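All remarks here apply to the structure that follows.
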Amino acid sequence: MNDNLGKWAVLAVVAMMLVGGVIGFVWLPRVVYSDQGFFAAWCSALGVPRSWAAFGARPVAKISSDVVITHELLEPARPADVGHGATLALRCTMCHGPTGISYANSPNLAGQYAVVIYKQLRDYKSGMRANAIMSEMARSLSDTDMREVADYYASLPRPAGFQLTGAAPAVVKWGAPMRNIAPCGSCHGDIDHTLASPWLKGEPRAYLRAELTAFASDQRHNDINAQMRAIADRMTPEEIDQAAAYYAGEH
Amino acid sequence: MMRNVSYRLMRKSALATAVLVALCIGASHAQQQPASAPSAFPGAQESLEQTVKRGEYLAQAGDCVACHTKHDGQPFAGGFPMPTPFGTLYSPNITPDAEYGIGKWSADDFYHMLHTGHRRDGSFIYPVMPFPAYTKVTRADSDAIFMYLRSVKPIPEPNRENGLRFPYDNRSLLLGWRELFFHEGEYRPDSKHNDEWNRGGYLVEGLGHCGTCHTAINKLGGNEDRKAYAGGLIPMQNWYAPSLTSNKEAGLGEWSLEEIVEFLRAGASQRGAVYGPMSEVVHNSLQYLSDADLRAMAVYLKDLPSRHETPPPGMLPGAAQLSAAVLAHGHAIYKAQCQSCHLGNGVGQPPGYPPLANNQSIEMQSAVNPIRMVLNGGYAPQTETNPRPYGMPPFAQILSDADIAAVVTYIRVSWGNHGQPVTTAEVNTLRSAPLLD
Amino acid sequence: MSTPAQSAPTSAEVSERIETRWAIVMFALVVMLLAIVVYTGVHWASMPPSRVEVVDANTLHLAGEFVESNLGTGIDPRGNVTVHMVAEQYAFHPHCVVVPDGVPVTFRATSGDVVHGFLIIGTNVNSMLVPGYVSTFITTFNGVGERTMPCHEFCGVGHAAMWAKVKVVPLATFEEMARKSGRLSCV
Amino acid sequence: MSTACPTRFGMSLLLLLLAPLGQAAEPGGLAKPGSPPPDTMFARVQGCSTCHGSMGQGTQDDYFPRIASKPPGYIFNQLQNFREGRRSYPPMNYLLAYLNDDYFHEIAQFFADQRLPFAQPERSRLPPAVLATGERLVREGDAGRQVPACVGCHGPQLTGINPGIPGLIGLHSRYISAQLTEWRAGTRHANSPDCMHEVAKRLTEEQITAVAGWLATQPAPAVPTPAAPGSWATPLPCGSQPR
Amino acid sequence: MYNVRRLVLAHFGFAFGAFALALLLGEWQMIVRSPLHGWLDNPEHYYRSVTAHGTVMGYVFPTLVAMGFGYAISVVTLNRNLVGLRTAWIAFWMVVVGTVLAAVIVASGHASVLYSFYPPLVGNALYYIGVALIVVGSWVWVALLTINLAAWRKDNPGKKVPFTMYANVAGSYLWGWTAVGVVLEILFQILPVALGFKTTVDAGLARVLFSWTLHAIVYFWLIPAYIAYYTILPRAIGSRLYSDTMGRLAFVLFLVFAMPIGIHHLYDDPMVGSGIKMMHGVFTAMVTVPTLLTIFTIAASAELAARQRGGRGLLGWVKALPWENPVMLGVAFSFVMLGFGGAGGLINMTYQTDSTIHNTQWITGHFHLIFPGAIVIMYFVIVYDLWPALAGRALGSLALVRTQLWLWFVGMMILTIPWHIAGLYGMPRRMAYYDYTAPALAPDAWTVDASVLGGALVVISGFLFVYILLSSLRRERIAPPAYRFSEALHESPVVPRALNGFAVWLALMFTLTLVNYGFPIWELRKIPTTSVPAVYVGGGQ
């Protein structure tokens, strides 16, 4: 070892780079990307995005919902939205209650996330979700109307003093791993909340049961990537009832 | 057992009542009780029926039924929700039901509650119950009201748990509030004024609890004396209770006694019609008061000192918004929607179609009421003297914020009105104001 | 090994000699390691998912190969068996996959939201699913039966419940099923 | 500072604009109260005009119902229901809160007496098959689900019958389906026996859509007024209609 | 110990305090996910705990130990007071504040994203700010070491930099540069989203940036341990460092090769090309070189000591080693665990074999053998060795000390070996609960139970360590002995120039980083479609 160590080291490293380079960018690609030309293979090895010809787009048989959920989907409510929403929402009061709290086993909308309400309205309008009255009601709503109604209901206070009773059932706190059922609470608010998942506390039991059953039977199918259908169809009727009862505070 | 006590009481004549009054004077309020008190008020000598009758009258004057009856509920059975910034409270059942009502109460209990704002168990009452006003009620009147309440149909309606947020659900915290805003003590006639004035004062300050709405409510949910009757926004309901002082611009300064009496009795007058929460007051309470009492109230109100309720200049909405375009727009809307009833020069066709020109409701600093009238419309309450009221339709669903802002602005500045312009934002926020309290 | 140093220079030489020997051993080790990698790479053509392919994670459900009706197992134009899957908090869609035994199966999977893991226990199928990128993996199952398939990357509080199944069936059975319907799954 | 200029500008514009109006009003600026309004029911029910039309004939709005020439008993019941909160629609609940029954009778009678042409029925977007289902339900009902035919109570011409059963003509599909849904959910009540609640409970989603859709497309018959009491026997007892 | 006694004590004190708490969390995690405990009612608590455990053990604890040790080395080997003591204290408090901030946020459940962050999962901004503070504080340390070395050079022109200091500074440079990756990720990817300026993250790019830090950070943890091998063990067992030059070489090789290999953590990720992966693979193979050098040198100097103590035979000399000496014992344990860990590492670095165990419990086993096993046991040794000089107190019974080390070693083995096995069964890591009743998973159950036991031993050992130190404080003060590190056997006055400075090696480090990370980062940065909406956690509260 002497003062040329530095030089030697540099040379050695360069040599290694070359070896690695040759193996990684010339030799292996020839094998792994044999379907591509030299430069294409080289690009693939580098990680330049390219699509694998064999797997092109396929015909779209049916889609669940045409809403694309992003954080920008609804800007934070402008006061103007809330006001117009309030006037538009007058005709929703018969089922959803004057303060967004239903006496008719319709979902409570007070304090529901705006994105959730907006998406459902969009789906009602586009027919992705069907309901005798809601389809009718949503038909004439413009996109702005729907945002405003959503913002209005989101602005209302949730049912005061509502308490969940009893211990959460297994399906709510653990789900059922081996059936790929995640805990309800991991998306719907007990444990954590994910974008566009509705807040379920205090929703009417009958409504929750009906919707879960509809998901399970594919009657309702406006959940993106079948997220709820997949879960609901793995839930037992008992689990469905337990979850519904729990969130309705009747557990 | 209490029942028997009170029934015996009822069987006793007025003398007994007088004795009882005397007793409790001795008991607690000697220093507060004016010597002339009993004679200053009716009912020193009366039969049980008369007492109950008078009790009913006073209960109406106090408008007990308004809060102690829920929409589809039985009279006085309670359960009426009262939303506050601190949570929702539910009025209790005050029918003579032994379990849930005041069946087990004595006249003492009742007076004590009314007078000191303590529940029967000694804990504090939330000031949604206007005991700071009711404390002014005399023992005699309290007993009469109690007798009357004992005479109504008992309803076994359980009381509903209040939905107050922490920490407001702790009644003992009210101590601070009471220190600030509650001054216990019956009404003390002012010798500088005649009986009529004092009677009016007794009703306005006491049972009428006018100040509860017409005195601004501050952040702590209390009325400040220095702002007494100068008007204020009613929290949650989002109606503006106008000033009742003798102030020329905002108050009753320009109203004649007759106009005030007519307004309170009929719910509609040459000056305008009642609307919003006041409809309820007229419908359930004021229309039943005697001419003498209404006149007395009018006299007292007319005499309230002005609090010069003109807003500080800085607070005015910028006149910059007041463009010709807005006024033209407002004028167009007015012609299309309002003129047919309120006429081109805004003089209206009172009492059915109230005047808009020179009308405090229109001009007052807060534009809440005129905006809400346009948004929600309204019918004057049906009363003995106004059995077939006229009404104004809601425009919320056919006019945009801009339309409404323009037309309200137009009305507020036309025909010599000197109100301030309103913004579309104001209109918009009021769209979500609750229609039913 | 060396005997301890008597005199500095000799011991210095000794130690230097030993060090050099040792250095050679070391490099031999390293070269061997590389050799393994290269050999397996070339002769089994076994490489990790290395074709970078991007996809819009927000619009998977609207069009393209990951739209709902395309998920599951299918025979693609080339006659290859291909499984399309989407992972989302907290499930795989479909959550039960049918594959034939003994023939190469291509997995095409991606995530609709966060990073998920894709592992078929007892096989060398092991890949990350990163939103915005398509993971492709080719493998051949040996032996029919059911394999479990957990999400092996933390993807949120529901992670522990994110499991799917792979059902390996005899080729014949599979072809039978495939004739009946285009896309297969055991959901 | 910068706003000062536009402000003054705005003010001067205002004055310019107010000058004529000022003359229109009193020279003093204070207008003297006008004469009392006409003492007619028409003048009194203008509170209903923006939603139901000045005489109850309905409006362009795709939701609010026409109330002109509905049976007086029916209208009275609804006014009462709204006041008592048996029907929830805040604007209605609010407007009627402090009015009494005697006045309701007058109002009901006024609208009942209005004879006004019906608006063009709406053109339905529903497929003919669905409309056919709707018509069948209206004319024959659905024996399977024990749904009586609408015509059974509301009359062969769907004009309703005095005093309590409303006609179904001239309503918007949205309004009808909303009402049926409410009946079913029990948020709209009637005096018991609440026959519409019974009927609506037996209807499926699809049937509601179909019925509402078909009814809304029906033109008014030659005689659109409710039939005289007892013109036909109603299949099931209804609290709002004396038998 | 010059002017840094209290400074070093503060670093060690806070480091091991945090360590003790995180240790308990770790064991709690083992228990709740084992068959011995029912499923957690709120799985979020588990991930909360994992986040806290990882953040403390990964960022706070080793950083503070390295910092404290580094200051000590600087003053001892350069034989002069620390320049910039006040700044050093500021740096310390930055780390403390950062830790507390992060800890509070994590404890409140607003940042259960695990210490590896996992965007597009995004927690509360304050958590990331806390972590960033920790890193920045440690950067101040890097600068201070450089400054002190420069100051010393100025006064001793042309003199050979003491070996220990050389290694020390090499380690600090390694950290200074390797931390850049995570800082880039936090500053440009996560914080803007956490603060709400932006709502989308490129998870792929984030993972690449994190891998930049993810592997080299382990070598940063490792360096104090290696320094101890070279410069504490020989002195402690009455031997000498075998070869100065070899030693320096080992450290500079870490400097060069630790960095450009992080992508071997992403072998199974879809956003990096196979060529790049191969390059990282190659250099990963290279990074075994310094380790092998070290093993050789240390073994050699141990042999030296043994033979001087009359050890004979090809391997017989091993018996002659001073096993009663905790340092000897610690190093031996460390080597064993390093050996197992290293062997496992070879499997991870070969991507065909990696694919069978990637992200399984095996990985947890692997890095627990390396870090809490081989490395932390050396941290114990370091603290034991420095303690008299720091605290001015002699340690209590050495037997107790040895027991502590034994417990740690045995505990770690029982903890990690079953993990490796579970990994081969395919058990994923980081599961709040695990359905052992499922026939497919039932066989894994015993492994977790075993780990619970191992964990328990580890916890006992950890607290025993704390106890030993605290109890020593009750003993009477002694004059702190002058502390020294071991010197080389052949103390030649000069070393190859390259090994007396860092220029060449830093140059290589930057170049290799550029070569191995430049393209992927540049490439991923310009793909727009791969930015996906952030998934904010903590919505449950």
Side-chain angles (χ1 to χ4, degrees), chain A residues 1-10 12-14 16-17 19-29 32-33 41-49 68-73 113 167-168 170 172-179 182-183 185-195 197 199, chain E residues 39-44 109 112 199-200 245-246 249 252-253 256-257 271-283 286 431-435 437-438 440-441 495-499 503-505 507-508 511-512 515-516 519-520 523-524 527 530 532-541:
Chain A
M1 302 248 194
N2 52 30
D3 278 6
N4 298 333
L5 178 70
K7 286 199 210 62
W8 285 113
V10 175
V13 171
V14 171
M16 285 169 222
M17 281 203 253
V19 174
V22 170
I23 302 172
F25 294 103
V26 182
W27 190 3
L28 287 180
V32 184
Y33 310 114
W42 188 70
C43 284
S44 298
L46 259 179
V48 179
V68 174
I69 304 288
T70 64
H71 291 286
E72 286 70 21
L73 185 59
Y113 301 101
V172 170
K173 45 185 187 183
W174 303 318
M178 288 303 106
R179 282 179 288 146
S186 58
C187 294
H188 292 288
D190 265 355
I191 304 171
D192 203 348
H193 172 258
T194 54
L195 188 61
S197 314
W199 184 265
Chain E
W39 291 0
L40 270 190
D41 277 6
N42 186 344
E44 196 270 338
S112 302
T199 62
T200 59
T245 314
M246 270 290 212
L249 196 57
V252 293
L253 287 181
V256 175
F257 293 129
M271 68 280 177
V272 184
S274 57
I276 304 286
K277 287 173 178 172
M278 173 50 94
M279 290 291 273
H280 283 251
V282 170
F283 287 101
M286 288 310 301
M431 290 267 182
Y433 44 84
Y434 199 78
D435 190 350
T437 62
L441 311 181
V495 289
R497 210 185 323 99
L499 288 178
V504 185
W505 317 110
L508 285 173
T511 329
L512 279 181
V515 170
N516 279 8
F519 182 78
E523 176 64 26
L524 292 175
I527 311 172
T530 54
V532 298
V535 175
Y536 296 95
V537 305
Q541 278 71 20

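Throughout, protein chains are lettered first and strands after them, A, B, ... in sequence-line order, and every chain is numbered starting at 1. Since this is a predicted model, take the numbers as computed values, not measurements.
- At a 4.5 Å heavy-atom cutoff, the contact between V48(A) and chain E is made by backbone and side-chain atoms alike.
- Looking at L508(E), only its side chain comes within 4.5 Å of chain A, counting heavy atoms on both sides.
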Could you go through T70(A) and T199(E), starting from their C-alpha distance and side-chain angles, then the distance that decides it, and tell me whether this counts as side chain to side chain contact (heavy atoms under 4.5 Å, CB included)? CA-CA 9 Å; T70(A) 64; T199(E) 62; over 6 Å; no
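- For F257(E), the part sitting under 4.5 Å from any heavy atom of chain A is the side chain, from C-beta outward, and nothing else.
- Using modelled atom types, one side-chain atom of T511(E) and one backbone atom of A507(E) make a donor-acceptor pair closer than 3.5 Å.
- If you tally non-hydrogen atom pairs under 4.5 Å between each of V535(E), V282(E), I276(E) and chain A, the highest count goes to I276(E).
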Open item on the list: Walk me through whether D435(E) and W39(E) qualify under side chain to side chain contact (heavy atoms under 4.5 Å, CB included).
Closed with: CA-CA 9 Å; D435(E) 190 350; W39(E) 291 0; 3.8 Å; yes
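- With chain A as partner, the option from G281(E), A534(E), P520(E) having the largest number of non-hydrogen pairs under 4.5 angstrom is A534(E).
- Only the side chain of M286(E) comes within less than 4.5 Å of a heavy atom of chain A; its backbone N, CA, C and O stay farther away.
- By number of non-hydrogen pairs under 4.5 angstrom with chain E, the leading residue of H71(A), E72(A), M16(A) is H71(A).
- Proximity to chain A is limited to the side chain of L512(E), based on heavy atoms less than 4.5 angstrom apart.
- For W505(E) (side chain) and A498(E) (main-chain N/O), a donor-acceptor pair under 3.5 Å exists by modelled atom type.
- When atom types are taken as modelled, the side chain of H188(A) and the backbone of S197(A) share no donor-acceptor pair closer than 3.5 angstrom.
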*Derivation and outcome, side chain to side chain contact (heavy atoms under 4.5 Å, CB included), residues D41(E) and W174(A)*: CA-CA 7 Å; D41(E) 277 6; W174(A) 303 318; 3.5 Å; yes
Taking it one step at a time, do M178(A) and L441(E) satisfy side chain to side chain contact (heavy atoms under 4.5 Å, CB included)? CA-CA 10 Å; M178(A) 288 303 106; L441(E) 311 181; 3.5 Å; yes
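- Looking only at heavy-atom pairs under 4.5 Å with chain A, the residue among Y536(E), F283(E), Y433(E) that has the most is Y433(E).
- Looking at L524(E), there are no atoms closer than 4.5 Å to chain A (heavy atoms on both sides), in backbone or side chain.
- In this structure a side-chain-to-backbone donor-acceptor pair under 3.5 Å is present from D192(A) to G538(E).
- Contacts of L46(A) with chain E are made by both backbone and side-chain atoms, with heavy-atom separations under 4.5 Å.
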